[in-house]
Structure formats: structure tokens, C-alpha cells
Amino acid sequence: MKPFDIVIVGGGGAGLYAAMEAMKTNPALNIAVLSKVYPNRSHTSAAQGGANAALANKAKDDSVEMHIFDTIKGSDYLADQDAVDVLCSEAPKIIRELENIGTPWSRMEDNTIAQRPFGGAGRPRCCYCADKTGHTILQTLYEQCLKTGVLFFNEYFALNLSVHGSRSRGLIAMNMKTGKVEAFPAKTVIFATGGYAKMYWNRSSNAAGNTGDGQAIAYRAGIPMKDMEFVQFHPTGLRKSGLLVTEGARGEGGYLINKDGERFMARYAKEKMELGPRDLVSRSIETEILEGRGFDSPAGKYIHLDLRHLGADLIKSRLPQIREMSLNFEGVDPIEEPIPIRPTAHYSMGGIDTDNFGRTVMEGVYAAGECACVSVHGANRLGGNSLLDILVFGRIAGHTAAEEAGKFEPGSISEEELRESVEEIRTRMQPSGHYERYGALREELGQTLALNVGIFRESSLLHKGIQDIAELKERFKKVRVFDSSDVFNTNLQQVLELKNMLDLAETVAVGALAREESRGSHTRIDFPVRDDEKWHKHTLATLVDGKAIPGEKPVTMGRYELQERTY
Amino acid sequence: MTEIIDQHQEGKRDVTFRVFRFNPQVDSKPYFDDYTISAERGITVLRSLNYIKEHVDATLSFRAFCQAGICGSCGMRVNGISKLACTSQVWDELDKCREPGIIRVEPLRSLPMIKDLIVDMDPLVDKMTRYSNWIDSTMPLADMGKKEFLISEEEFQRYDKATDCILCASCVSECSILRANKEYVSPAVLLKSYRMNVDSRDGIHDLRLAELVKDHGVWDCTHCYRCQESCVKSIPIMEAIHAIREDALESRGPRDTSGAKHAEAFMEDIEKKGKLVEATLPIRTNGVVWTLRNLLPMAMKMIVKRRTPPPPPLVKSAKGIKVFRAMFREMTEHVKQDHLKSHKK
């Protein structure tokens, strides 16, 4: 195959924006987007809330500066302040650009883009399209990429980076439709494969495919991961699936009830009750369950989100989506019964370590979006900043790669390398005496992570988690792929995704054990306070001889001094 | 209170999933496999398929991603109806089985088969490209990102519902035209085209419309409403199709396409006689030359078989034609008024 100038891995918001921007920067470039799903299926579509930008359409006194401060404070001061500057100053431009190319934003009375209040933001600056913001942004970007003639390789599963010395020569991927392993020699590669929170499996709100493929490939190629221990939990996930019940349910007056029939939030946040900040509510629910006041079921322990007192009319008119989800995924009608819920892993703040231009430490390799860690979210992401992150940094990474592609020689990938990738797959298909089922391992991984590397962390729990992950990795060697066909082998794909999750899970647990403090989403029972002296820094995890080696990196400060984070 | 209460844990029901199987590498033709599992209340068809894949048969192949009804990956036919597996409740489906206790699961129709429940979506993407399913912005390049278009709530309402489409292709699978003609534009692409055409930010309305009125385009729809009935997001797809047609008649005139002329001829006959004058319908729709070239052999056969429709002078007006005409005129007047009103808006 003719060498590419840019190969983008992932077709969600970050990948598509990167493609669009790269085409714009230099239309002569040979650009390809590889995605394991059709791009319009990407998980960007699931983001309901919106994207923050200080357009000042709603609050006339809003400013980029206020957005910057809110983001830094929200991050518990772990975000790099120069990166946050970029995120927030680019925001108005990028939201308008999306508007210009067709995103159907909801509108204010004066016909400008509508904005609404969001958690942790001092002004109403979250731009939205009803409750389908991510979906409409993804559609717009996909439409524009089709318009520009971006070359798509849909349903290609990325396997390995081809590395030569200190730089990459391209990517090796499997065509799902044929099962063929193909080489994508490229001057530059951009990873935009989304987050890794699905490693918590049934205790995650993420799509089945958010398995951190890009991060795992980069990690195995020796590129460091940053701040992997920071995983955001959302308080109200459905018991069986982990799918999200949006904050609206509590906003309208829903109660959280334990098995003794108590509104237990009175113990944790007397005034705000159910409307306390996300991390506090998550910790409160988890405490109730840990102390034995939750309900029990084969699908796990849970507590109740009770909406019955709101009445059928209000539930039908204001919370139709929540009712539909509850009916579809739990078989429970919230008009008649409480919804079984439990906190769910929702977002990964950590990812591939990049600079403000999307560059990684490896020449020619870039990353953007939830897949990357710039870092703009630090220890805790604010609502409305994740869509913004993928747009702003997807665009920047696309631009940087387009500008820099010329610097690199076109790489070539040898037959030998391809054969190695094929060989690895073959061995999994060969029947052996004793074998393991990937489904069981996947569930066990989710369980041990939720239990030992979950909302509450503590030294002995984390040691247990690390040990469990090591054992699972050992057992993974015996996992067998039962489907022997070449055509669309989803059995094989899911096994390879599990491998990615296992590799990354180790970095999450190791990072969590190293960080002896509580900051943002990371809560250590044995180190309950933020320790700026020792831990105001990023953690790194680099793969050396099959082990995650911890490292660190300073936080870039700017105009804002460290302060206590109170709301 | 120490005992464990779980009011959601009710009985389980045995369910057989009769699943369409086809692996092009080994199967010469498709077949069905039965999988019987025990399903509790609240379990979706997708979760059942996941369970079967993990515990019973790892070779069973289907697509699934978000599992929450927003990505559109798991479109398939459940008990004969195209829908999302992830939002379909097993217990609800049990009430719809043709054979008690057996839920049939098949791939979407009208798209090329790949394996088991997986079909090729490329034809749909190709059509999105052919019909320019994107906004070609009228914002000058130099102003991009610098200012907003001002869009009224009214305009937003025109495409709000249409932008709910997740391209799950349920409508594609249910469409009766596509089953006969794979070239047909398809309901999803018509919906998207409509959405682009009513967006004031777009600059290629005429170009898109010109493509839509060509062969295999908007005039091929037969109003069976299957697309709308099966839409998983309850989008009024037929309204969009009607709107494109009205737009075409209005902005391009009725005489420039066979579809439009066909519709005009229908109106003319109905008003005059209360029924169709079939003998001249092809001439009025496609012209004399086309009719002679394409329908002469069939006409000859019809004459031989004595199946020719009566010539126009012999088509008598339907009974009660006067009352009917009055009603007809009143209706067309109403439609005209409605149009005027909606344009004034």
C-alpha cells in the first residue's frame, strides 16, 4: 500500500476533527481514518449534556478567563494551566465553527446558540442540542468528512504500531470483513480511540468498545501513559448494565433510598441532599453499600433511586428518557417502582501523555481526545469539558500532524512484522488442553477493579487489585478463540480488546497505589487529604520489560495558585 | 431489617432464540440455530445474545457498541420487525412470537449479508455521499468560527426531529421499494436530505434536489409507511419525504420529472372522473416516445389476452361525481391555504 502521510486511528469526535483539519491544512496529503466501528457509531454520540464555551450568549459577563479558572479548580489543580488556556480560548471559535458547518445547536430567544448551567461552572456556558449534543456533533463531523472525501477504513481493528528506533513507521491493523492483517505505512499516526473506563465492565457507563485500544498500542510501543489512576465515577448507573441515569432525575427531586427506607444523603450532605457534587454522592452511595445498607441481587448490590413521589405526569413529561431507559434496561417503570442504581465508571482522565500540540514522546505519533492526557482535566473533569476537549485537541493534533508529516521519511512495514502480528492471533486460535473463557476474565477484571481500584482506594485493596490483574494476565494466556473464521471474527476482536484492557488496568492500579493522597476522583482511605507538597504532579507509567514502571512529571502552573477546592 | 429485599427479582422464563446463521466461508446457504436460555425480566435481546456468545456459542456474530440505543449498531430483525436489539425487551418479544416461546432473530434486509446478523452498511454510506448529505456552508471561509448564523426556533424545529436519526438502517430494512430496487435512495437518506434542504445555512439545496428527483429518487416511494412505523426514534420519515416532493413540485415545476407528471395525471383524473384513466396514464407520465418504446410489446400482449384498459371516452365518471368534485375542490383549496400560511411563517 502507498505510504500515508497521516493515519488516524479512531473515528469519533477527536479523530474526525483531526481528519477534517488535516485536510484543510494541506489538501495534498494522503490521509486515512481507521475505525473499528462505522465512525457514526463512535461513543461521542452518547454525550448528552453539551460542550462548554464562553460565548456569553446567556450570561453576558461570562469570559474565557472564568472558564479557565473553573476548569483548573475542577481539576483539583492537577491540570496544566497552559493546556487549559488553549482549551478555553479555542472553545468559542470551535463551537461557532461547528455551528457554521451544520451542528443543530439549540437556540436562545435572540436566535444565538443556547447555553445552560452545568456542574462546576460559574456561568451558564454549556452549549447543547437538546439531550443529543454528542450525537449531532458526531453526525456533523462525519458528514463534513464525507463531503471532503476523507478516506475511511471502517471496521478495521488496530493491532500494533510499527516502531523503528525512536519513531513509528505506521500501523498494523486487521480488516474485520476479511480477517486480513494489513500494513498502513505512515509518516504520522494519530491515536483518537476514546477512553478506557470500560475496563470496569458491567460497572461502567461506556460503550462495549471503549477498551483503550489506542492507549494500549502506544503503551506497548513504549509511550508513557499519564495520570491513569484518575477515573471518574457517575453516581447513578443502572444496576445491571452500568448505563447512565442522567443527573436530571435527581434535579427534578428524585430520592436516593437504602434498604432501610432511609434518604441516606442526609448523613453526607444535609443541605444539598441528593444534589451534592458527583464525587460526594458517588462516595455516599458506595459507603451505604459497603456498610451493608444496600439491596442485594444476582446482578450485584445496589440502592434505589425513587421517583414515584414525583407522580406519573411529571415523570412522563420531564423525564421521558430516564423512564424509557429504566424500562428498557432494568424492566422497571419508575412510575411504579424505584430504579436500582449504583455508581458507574464514566470517564478516564488519564491517557497517552501528550504536549499541547498532541505530540507524544515518539516522533510521528500523536494522540487526542479521551485517549490522550494533555492534561486539561487533571484529577477531575468538569461536565461539558469532554466534548470540548475532543474537538479542540482533535483539531490541533490534525493540524500538527499535517504540518509535521513532511519532516518524516515515509516508513515501510516489513512482511516479517506483519507475520508476527498474524502469528500472535494464530496462537490464540489453536486449541489447547486447558483453556479460559474471555467472558469470565472480562467480568472478573471489572469486579476486581470496582472493588479494589474503585471509588474508595486503600493500600491493601490496591495490592490485591494489582495481584488480581497479574493473575488475570496469566490466565489470559490460556484464553482461546473459538471462532476460527476469517470473516468478521468478533470473538477474536473481543479477546484482543480484553488484552488491551488488562495491560491498561495494571497502569491504573499502579498509579493509584503510588499516589498517596486524595485528589479529585482519586480517594485514598489511608491518605484522605490532598498532599500538594508530595503529590502536586502527574504520574507516568511506562512499559519496560513487561512491567509498568512508574514515573512523574511536573504540573505546569500559571496565573492560578494552589487553593483548597470547595464548592 | 436484615433480610435481603429485592423486589425486582422475579421469576425467569425459558426463551428460545432462533438465530439466522451464515458464514460465507463455509455455508452455501443460511440456516437457523436454536439457543434456549433462561431470561429474567428486564433483559434485552442484545444482552441475551451477549450471554449466548459468551456462554454457549462464541461464533455467533453480531454488532453491538453503546448498548444504550444511541449508536445504532445493533439493528436487526426481531420477530420479523427491524429494530435495535439493545432496546428490545425479551419479555415483550415473547408476547409477539409466532411460535410460542421462540424469538426469531435475523439480519436487516436490503443490505448485503456479511456474516450471521452482520450486514454491509457501505451502500448506505455511498448513498449519503451521492445525495450530498451534508451542509455546504454559506459562511465565507474567512468568517468560519468567527460568527454565528442566527437561527430561529422555528427553523430549528423543522430539522430537530430529523437530526435524531442514528442511521440504524431499520427503515432501510423495512422499506418495500428497496427490497425490489437496491438502487433506491432509501428512507434514511431521504430523511437526511430533507434535513439538509430545510437548513438555511446550506448552499446546495438545488443541486441536492436535482439529484433527488432523478431515477431511484424521491418519486419512487410508494407511501407504504413501513419506514416510519419501524423508526426506532419515532421520526416522521414520511413527512420528510412528502416535504421533498412538495419542494420539488414547487421549485422545479410539475412537468420536469416523470414522478411529478404521474402525480399530476392522477390529480387530473380524480378531479374529472373520480377514477383513473389508465390507458393514457403512461403517455401523460413519460411521453409518447417512451411509452411506444417501452410499453408497446406489453400493450400488444394485453390486446391478445383481452386485458386492455378501456379507452378514455369509455371511462365513465364514478357515481356521485358531483358531490365528490365539490369535496375534492374544497380539499385542494385547504391544502393551498395551508401552504400559503406555512410560507408566510
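Order of the sequence lines sets the chain letters (A, B, ...), proteins ahead of strands, with each chain counted from 1. Here the structure is a predicted model, which is why all the values come from computation and not from measurement.
For the pair Arg41(A) and Phe65(B), the cation does not sit on the ring face, since its NZ or CZ is not both under 6.0 Å from the ring centre and inside 45° of the axis.
Of the residues considered (Glu153(B), Arg47(B), His55(B)), Arg47(B) shows the highest number of contacts with chain A, using heavy-atom pairs under 4.5 Å. Counting heavy-atom pairs closer than 4.5 Å to chain A, the top-ranked of the candidates Leu60(B), Ile43(B), Asp199(B), Asp120(B) is Asp120(B). Considering only heavy-atom pairs separated by less than 4.5 Å from chain B, the leading option among Arg293(A), His43(A), Gln144(A) is Gln144(A). Ranked by heavy-atom pairs under 4.5 Å with chain B, the first of Asn40(A), Asp486(A), Asn489(A), Asn210(A) is Asp486(A). Comparing Asp202(B), Thr138(B), Asp143(B), Asp136(B) by how many heavy-atom pairs each has under 4.5 Å with chain A, the most go to Asp136(B). Of the listed residues Glu54(B), Met139(B), Met196(B), Arg201(B), the one with more heavy-atom pairs under 4.5 angstrom with chain A than any other is Arg201(B). The greatest number of non-hydrogen atom pairs below 4.5 Å with chain B, out of Asp483(A), Leu55(A), Asn111(A), is found for Asn111(A). Per-residue heavy-atom pair counts under 4.5 Å with chain A were compared for Gly72(B), Cys168(B), Ser132(B), and the maximum is reached by Gly72(B). For the options Ile135(B), Asp116(B), Asn133(B), heavy-atom pairs under 4.5 Å to chain A are most numerous at Ile135(B). Residue with the most contacts toward chain B among Glu155(A), Lys93(A), Arg437(A), Arg107(A): Arg107(A) (heavy-atom pairs, distance under 4.5 Å).
Of the two parts of Gln139(A), only the side chain, counted from C-beta on, holds a non-hydrogen atom closer than 4.5 Å to a non-hydrogen atom of chain B. Proximity to chain B involves both the backbone and the side chain of Lys147(A), based on heavy atoms less than 4.5 angstrom apart. Interface residue Val487(A): backbone and side-chain heavy atoms are both found under 4.5 Å from chain B. Neither the backbone nor the side chain of Leu492(A) comes within contact range of chain B; no heavy atoms are under 4.5 Å apart. In this structure, the portion of Tyr142(A) lying under 4.5 Å from any heavy atom of chain B is its side chain and not its backbone. Contact annotation for Thr103(A): only backbone heavy atoms (N, CA, C, O) come within less than 4.5 Å of a heavy atom of chain B. With a 4.5 Å cut-off on non-hydrogen atoms, Leu146(A) touches chain B through its backbone and its side chain both. For a residue to count as touching a neighbouring chain, one of its non-hydrogen atoms must lie under 4.5 Å from one of that chain's; by this rule Tyr38(A) touches chain B with the side chain only. If you measure heavy-atom distances from Tyr159(B) to chain A, the contacts under 4.5 Å come from the side chain alone. For a residue to count as touching a neighbouring chain, one of its non-hydrogen atoms must lie under 4.5 Å from one of that chain's; by this rule Ser241(A) touches chain B with backbone and side chain alike. Proximity to chain B (any heavy atom under 4.5 Å) is shown, for Ser106(A), by both the backbone and the side chain. Contact of Asp92(B) with chain A is not made at all, since no heavy-atom distance falls under 4.5 Å.
Aromatic ring pairs are classed by plane angle as parallel below 30°, tilted from 30° to 60° and perpendicular above 60°; the pair His304(A) and Tyr302(A) is tilted.
Ion pairing between a basic and an acidic side chain is recognised when a charged N comes within 4.0 Å of a carboxylate O; Arg239(A) and Glu330(A) show such pairing. Using a cut-off of 4.0 Å between Lys/Arg side-chain N and Asp/Glu carboxylate O, Asp122(B) and Lys177(A) are scored as salt-bridged. Using a 4.0 Å cut-off between charged nitrogen and carboxylate oxygen, Arg41(B) and Glu337(A) count as a salt-bridge pair.
In summary, the side chains of Asn57(A) and Gln115(A) do not present any donor paired with an acceptor at a separation below 3.5 Å, with no hydrogens or angles considered. Counting only N and O atoms by type, the side chains of Glu497(A) and Gln493(A) include a donor and acceptor under 3.5 Å apart.
A donor-acceptor pair under 3.5 Å links the side-chain atoms of Glu148(B) to the main chain of Ile113(A), judged by distance alone. Remark: the backbone N or O of Gly209(A) is paired with a side-chain donor or acceptor of Thr211(A) at under 3.5 angstrom.
Within 6.0 Å of atom CD in Glu109(A), 12 or fewer heavy atoms from other residues, nucleotides or ligands are found, so the atom counts as exposed in its surroundings.
Between Lys115(B) and Ser485(A), the shortest heavy-atom contact is NZ-OG, 2.8 Å.
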